[in-house]
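Both backbone and side-chain heavy atoms feed into the values below; hydrogens, waters and symmetry mates do not. Residue numbers begin at 1 in each chain, while the letters A, B, ... track the order of the sequences.
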There are 2 protein chains.
Amino acid sequence: MTAKSDLPQGTLDLLILKIVALGPVHGYAIAQRLQQVSRDVVQVPQGSLYPALHRLENRDLLKADWKETETGREAKFYRLTRAGRAQLEAETASWRRLTDAVGLILKLSVSFRPGVRAAWTR
Amino acid sequence: MTAKSDLPQGTLDLLILKIVALGPVHGYAIAQRLQQVSRDVVQVPQGSLYPALHRLENRDLLKADWKETETGREAKFYRLTRAGRAQLEAETASWRRLTDAVGLILKLSVSFRPGVRAAWTR
DNA sequence: ATTAACATGTAGAAGAACGAGGTATACGCA
DNA sequence: TGCGTATACCTCGTTCTTCTACATGTTAAT
């Protein structure tokens, strides 16, 4: 059940910033691209998407203006602000630091169990 | 500011399960080891640690018994249940799938901006 | 005697994600 | 013309996790 796609908290913002950094897009397209690029691993429900967008806009990391889609529909196109770009870089670095660390921990082997324990228990 | 260490949601449980899988440990030591092994990237506040442990215990992923520390103090030593081990494996796999996907997205370059847009806007 | 490190715990608030709902337009097709 | 589907936006309420801050007691070192 829980084996679907739940993104870790905070990651959604990072991904949105990243997609928007590639060029102006509207919300609906952001969700689609995330899903496509990740081969369906990342799926963003609208109930998560739009609140996230508004959140980022309120923090002045994104700016939006209404424009017409190629299909002739009005949509809010988002672009990064300067702060948004900085935030993207910071969060990207942070993400790497963190996943590297977690990866390191997950690679720990059980090779020390009975005896060597003293070395790192203390 | 937010550049401290905040773990993504759910990750704490995974890391705890992993450390406990290496052998019986008490809570305090779990936090220490996570910090050591990750070179201070991962820092678990006690207000996060103990609730997480209780959570995992309530889900029958961990079992605890009081024992004496090498330093002569009473402490709750946690060990994995069978379900806990299964959960660890599942969450590890899930973690990798997800970080791979996010890594892929973060590697996207801005090489397509002006022209190719049509290909993936649709 | 007092501080630092060890070891456990709770309460309350903040924040994020999601499911479920709602509105409205464009387009193809019967 | 009517209908369904895909596009495109939005919000509300619930649930879950985490963090800050607090509270308690023990052992070891200075």
Q. Hey, does the side chain of Y50(A) come within less than 4.0 Å of dC10(D)'s phosphate (OP1/OP2), counting only N and O?
A. no
Q) In whole angstroms, how far is the P atom of dT5(D) from the CD atom of Q32(A)? A) 18 Å
Can you check nucleotides 11-17 of chain C for protein contacts, nitrogen or oxygen pairs under 3.5 Å, and list what you find?
residue: dA16(C); atom: O4'; partner: Q9(A); partner atom: NE2; Å: 2.8
residue: dA17(C); atom: OP1; partner: G10(A); partner atom: N; Å: 3.2
residue: dA17(C); atom: OP2; partner: R55(A); partner atom: NH2; Å: 2.7

Q) Could you give the CD-to-P distance, from E57(B) to dT8(C), as a whole number of Å? A) 12 Å
Q | Euclidean distance, L61(B) CG relative to L88(B) CG, rounded to 0.5 Å | A | 10.0 Å
Q: Output all residues satisfying salt bridge (Lys or Arg N to Asp or Glu O under 4.0 Å) with R79(A), sequence neighbours left out; order by chain, then residue number.
A: D65(A)
Q) Can you tell me if the side-chain N/O atoms of T69(A) get under 4.0 Å from OP1 or OP2 in dA8(D)? A) yes
**Q.** N58(A) CG - dC10(D) C1' separation (whole Å)
**A.** 14 Å
Q. Has the side chain of S48(A) got a donor or acceptor atom that lies under 3.5 Å from a matching backbone atom of V44(A)?
A. no
Q: Can you run down the salt bridge (charged side-chain N to carboxylate O under 4.0 Å, His left out) pairs that involve residues 44-58 of chain A, sequence neighbours left out, and say none if there aren't any?
A: D13(A)-R55(A)
(Q) Below 30° counts as parallel, above 60° as perpendicular, anything between as tilted: where do the rings of H54(B) and Y50(B) land? (A) tilted
(Q) In whole Å, I'd like the distance from the CG atom of L14(B) to the C1' atom of dC16(D). (A) 17 Å
Q: Look only at the side chain of T81(A) and the backbone of D60(A), and say whether a donor-acceptor pair between them is shorter than 3.5 Å.
A: yes
Q: Report, as a single string ordered 5' to 3', how protein heavy atoms within less than 4.0 Å touch nucleotides 25-30 of chain D: B base, S sugar-phosphate only, - not at all.
A: -BSS--
Q: Apply side-chain hydrogen bond (donor to acceptor under 3.5 Å, both in side chains) to E91(B) and list each qualifying residue two or more places apart in sequence or on a separate chain.
A: Q87(B)
**Q.** Polar side-chain contact Q46(A)-dC18(C) base: donor and acceptor under 3.5 Å
**A.** no
Q: Check salt bridge (Lys or Arg N to Asp or Glu O under 4.0 Å) between R73(A) and all other residues, then give those that pass, not counting sequence neighbours.
A: none
Q) Taking only N and O in the side chain of H54(B), is any of them less than 4.0 Å away from OP1 or OP2 of dT10(C)? A) yes
